[in-house]
Amino acid sequence: MQKLSVVNKILAGQALIITLAIASFFMLGNEFSAKSAFYGGLVALIPNWYFARKINQHTGQEAKKIVRAFYAGESGKLILTAMLFALILQDQKIDMIAVLTTYISALTVFWFALLIRKY
């Protein structure tokens, strides 16, 4: 069995947190809140997946290409995030608390990953 890279572990952790948030909003709220949580999860996961793909394409190459890929990936990630939030805001029936809670929860996976790797 192939071992997951750190990046893939982070993406899997984000997917897990997003799933838990959607389930929580569904159980504690309703379908409306769960849909909004799903949107928030997509805003976190899609740009991070894009960034990870961009970086992984240049693994093992010279440093200059890796740095260029990093900046291109980060720029694309920011643009995707802005575009996805703009799309979500077009929906009049949205629970922004659920969107933002799920989005922020998914991003906390990065912080925990850094803490875990440090020790």
Side-chain angles (χ1 to χ4, degrees):
M1 189 162 81
Q2 188 177 355
K3 194 174 179 184
L4 286 177
S5 69
V6 173
V7 172
N8 288 333
K9 286 179 184 177
I10 290 172
L11 290 173
Q14 285 185 323
L16 176 64
I17 294 295
I18 290 165
T19 303
L20 292 173
I22 293 168
S24 297
F25 276 106
F26 183 75
M27 289 187 297
L28 300 173
N30 52 32
E31 290 178 24
F32 166 72
S33 295
K35 177 186 84 167
S36 300
F38 176 74
Y39 286 166
L42 287 179
V43 173
L45 197 58
I46 291 172
N48 287 325
W49 175 81
Y50 170 81
F51 178 77
R53 292 246 323 139
K54 201 76 170 160
I55 295 300
N56 283 336
Q57 288 175 343
H58 297 283
T59 301
Q61 294 185 3
E62 62 185 63
K64 197 173 196 175
K65 286 184 179 181
I66 293 172
V67 170
R68 249 190 257 134
F70 180 85
Y71 283 116
E74 192 62 35
S75 298
K77 183 175 144 181
L78 291 172
I79 291 167
L80 273 171
T81 301
M83 287 173 47
L84 290 168
F85 268 121
L87 279 173
I88 287 171
L89 293 174
Q90 299 302 309
D91 188 347
Q92 298 297 317
K93 296 179 181 177
I94 194 116
D95 178 356
M96 279 308 287
I97 298 295
V99 170
L100 293 175
T101 300
T102 306
Y103 175 74
I104 291 168
S105 296
L107 294 184
T108 62
V109 172
F110 286 116
W111 304 335
F112 290 113
L114 288 172
L115 287 173
I116 291 169
R117 280 199 63 143
K118 188 175 181 180
Y119 297 104

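When a residue number appears, it is its place in the shown sequence, counting from 1. In what follows, every heavy atom counts, from backbone to side chain, and hydrogens, waters and symmetry copies are set aside.
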For Phe26, I'd like to know if atom CZ has over 12 heavy atoms of other residues, nucleotides or ligands within 6.0 Å.
no

Could you pull out the closest heavy-atom pair between Lys93 and Lys35, with the gap in Å?
O-NZ, 3.5 Å

At what distance, to the nearest 0.5 angstrom, does OH of Tyr39 lie from CG of Leu87?
9.5 Å

Is there side-chain contact between Leu78 and Ser75, with at least one heavy-atom pair below 4.5 Å?
no

Using the rule that two of Ile, Leu, Val, Met, Phe, Trp, Tyr join whenever any of their side-chain heavy atoms come within less than 4.5 Å, decide whether Ile104 and Phe85 are in one cluster.
yes

Can you get from Ile55 to Trp49 by hopping between Ile, Leu, Val, Met, Phe, Trp and Tyr side chains that sit under 4.5 Å apart?
no

Starting from the C-alpha separation in whole Å, work towards a yes-or-no answer on side chain to side chain contact (heavy atoms under 4.5 Å, CB included) for Thr81 and Tyr103.
CA-CA 10 Å; Thr81 301; Tyr103 175 74; 3.7 Å; yes

Closest non-hydrogen atom pair between Ala72 and Lys54, with its separation
CB-CE, 4.0 Å

Which heavy atom of Phe110 sits nearest a heavy atom of Gln14, and at what distance?
CE1-NE2, 3.5 Å

Can you see which heavy atom on Phe25 is nearest to which on Ala37, and at what distance?
CD1-CB, 3.7 Å

Within a 6.0 Å radius of atom CZ on Phe38, are there more than 12 heavy atoms belonging to other residues, nucleotides or ligands?
no

In short, Thr102 meets Gly41 closest at the heavy-atom pair CG2-N, 3.6 Å

Using only atom types and a distance under 3.5 Å, with no angle test, would you say the side chain of Thr101 pairs donor to acceptor with the backbone of Ala98?
no

Inter-residue atom distance Arg68.CZ - Glu62.CD, 0.5 Å rounding:
7.5 Å

Look at the side-chain heavy atoms of Ile, Leu, Val, Met, Phe, Trp and Tyr, link any pair under 4.5 Å apart, and say whether Ile88 and Leu107 land in one connected group.
yes

Hydrophobic cluster membership, Ile46 vs Phe51, 4.5 Å side-chain cutoff:
no

Output the distance between atom CD1 (Ile22) and atom OG (Ser36), rounded to the nearest 0.5 Å.
10.5 Å

Are Ile17 and Val43 linked, directly or through intermediate hydrophobic residues, by side-chain heavy-atom contacts shorter than 4.5 Å (ILVMFWY only)?
yes

Return yes when atom CZ of Phe70 has more than 12 non-hydrogen atoms of other residues, nucleotides or ligands closer than 6.0 Å, and no otherwise.
no

A quick test of your reading: do over 12 heavy atoms of other residues, nucleotides or ligands sit less than 6.0 Å from CE of Met96?
yes

